[in-house]
Student: 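Below is a structure I'd like to ask you about.
A quick note: this is a predicted structure, and the numbers were derived from the prediction, not measured. Hydrogens, waters and symmetry mates are skipped; everything else that's a heavy atom, side chains included, is used.
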Amino acid sequence: ALVAEILLPLIQKPTDWRKTVVAAATFQTLPTDRAVKPLVNLLSYSVVNVQDAAAAALTSYIRNQDAELTAAVEKQILEDMERSSGGWEHGARVLAVFGNADHLPLLTTVLQRGEWRAQESAANAIAVIAADSKIEDQTVTDALIKCSQSRVLQVQEAANRALQAIADQQ
């Protein structure tokens, strides 16, 4: 608990991205609800290493199977992604861990409006969801088809994987 208290300010008000990466990565093994909001905020930070470390910490919180902590992560990440597109890329990666079909409308929005990296992450998340749930939403399929025709190869491949996962459930 003492280590978390020392590291918390480094993710709440980042000043040096290197320290923030280390602090965010450390929170993977220090699950606390006080770190959820700052970690979600870091998903839209300007340094990719910070975003990756924050996403990894949030993912570990979900896999930790603490119901309260998982609910806090889900609530915060959904609020953040609905409010701002800055965290879409890494937020979609975290949503994939939930594997929850209720997240499809938000992921579809990311497919339709996101930058290519966010689109790739959203398509990958949809593929994970489709592996466990039957998806019959035409809006999702249409957005994936459009992404499968992207000029960016990574988006094409992710969209095609998602479409294949959906087809496999039919």
Student: Using atom types as modelled, flag every donor-acceptor pair under 3.5 Å from a side chain in residues 63-71 to any protein atom, sequence neighbours excluded.
Tutor:
| from | atom 1 | to | atom 2 | distance (Å) |
| --- | --- | --- | --- | --- |
| D66 | OD1 | E68 | N | 3.0 |
| D66 | OD1 | L69 | N | 3.2 |
| T70 | OG1 | D66 | O | 3.0 |

Student: Identify, with sequence neighbours excluded, every residue that meets side-chain contact (heavy atoms from CB on, under 4.5 Å) alongside D142.
Tutor: Q138

Student: Considering residues at least two apart in sequence or located in another chain, which fulfil the side-chain contact (heavy atoms from CB on, under 4.5 Å) criterion with N49?
Tutor: W17, V21, V47

Student: Could you give all pairs that pass the salt bridge (charged side-chain N to carboxylate O under 4.0 Å, His left out) test and reach residues 32-58, with sequence neighbours left out?
Tutor: E5-R34, D52-R93

Student: Determine which pairs satisfy ring-ring contact (aromatic ring centres under 6.0 Å, His included) with at least one residue from residues 92-136, sequence neighbours left out, and list them in order.
Tutor: F98-H103

Student: If we ignore angles and hydrogens, is there a donor and acceptor under 3.5 Å between the side chains of N160 and Q156?
Tutor: no

Student: Can you sort out the partners of A55 under side-chain contact (heavy atoms from CB on, under 4.5 Å), two or more places apart, ordered by chain and number?
Tutor: L43, H90, V94

Student: Side chains of residues 147-155: which donor-acceptor partners sit under 3.5 Å, not counting sequence neighbours?
Tutor:
| from | atom 1 | to | atom 2 | distance (Å) |
| --- | --- | --- | --- | --- |
| S148 | OG | I145 | O | 2.6 |
| S150 | OG | V152 | N | 3.0 |

Student: Does D137 have any side chain to side chain donor-acceptor pair (under 3.5 Å) partners at least two apart in sequence or in another chain, and if so, which?
Tutor: T139

Student: Sequence neighbours excluded, which residues qualify as side-chain contact (heavy atoms from CB on, under 4.5 Å) partners of S60?
Tutor: Q28

Student: Going by heavy atoms in the side chains, are F27 and L58 under 4.5 Å from each other?
Tutor: no

Student: Test: salt bridge (charged side-chain N to carboxylate O under 4.0 Å, His left out). Region: residues 7-32. Which pairs qualify, not counting sequence neighbours?
Tutor: D16-R18

Student: Please, which pairs that meet salt bridge (charged side-chain N to carboxylate O under 4.0 Å, His left out) have at least one residue in residues 102-126, sequence neighbours excluded?
Tutor: none

Student: Checking K146 now: which residues fulfil salt bridge (charged side-chain N to carboxylate O under 4.0 Å, His left out) with it, not counting sequence neighbours?
Tutor: none

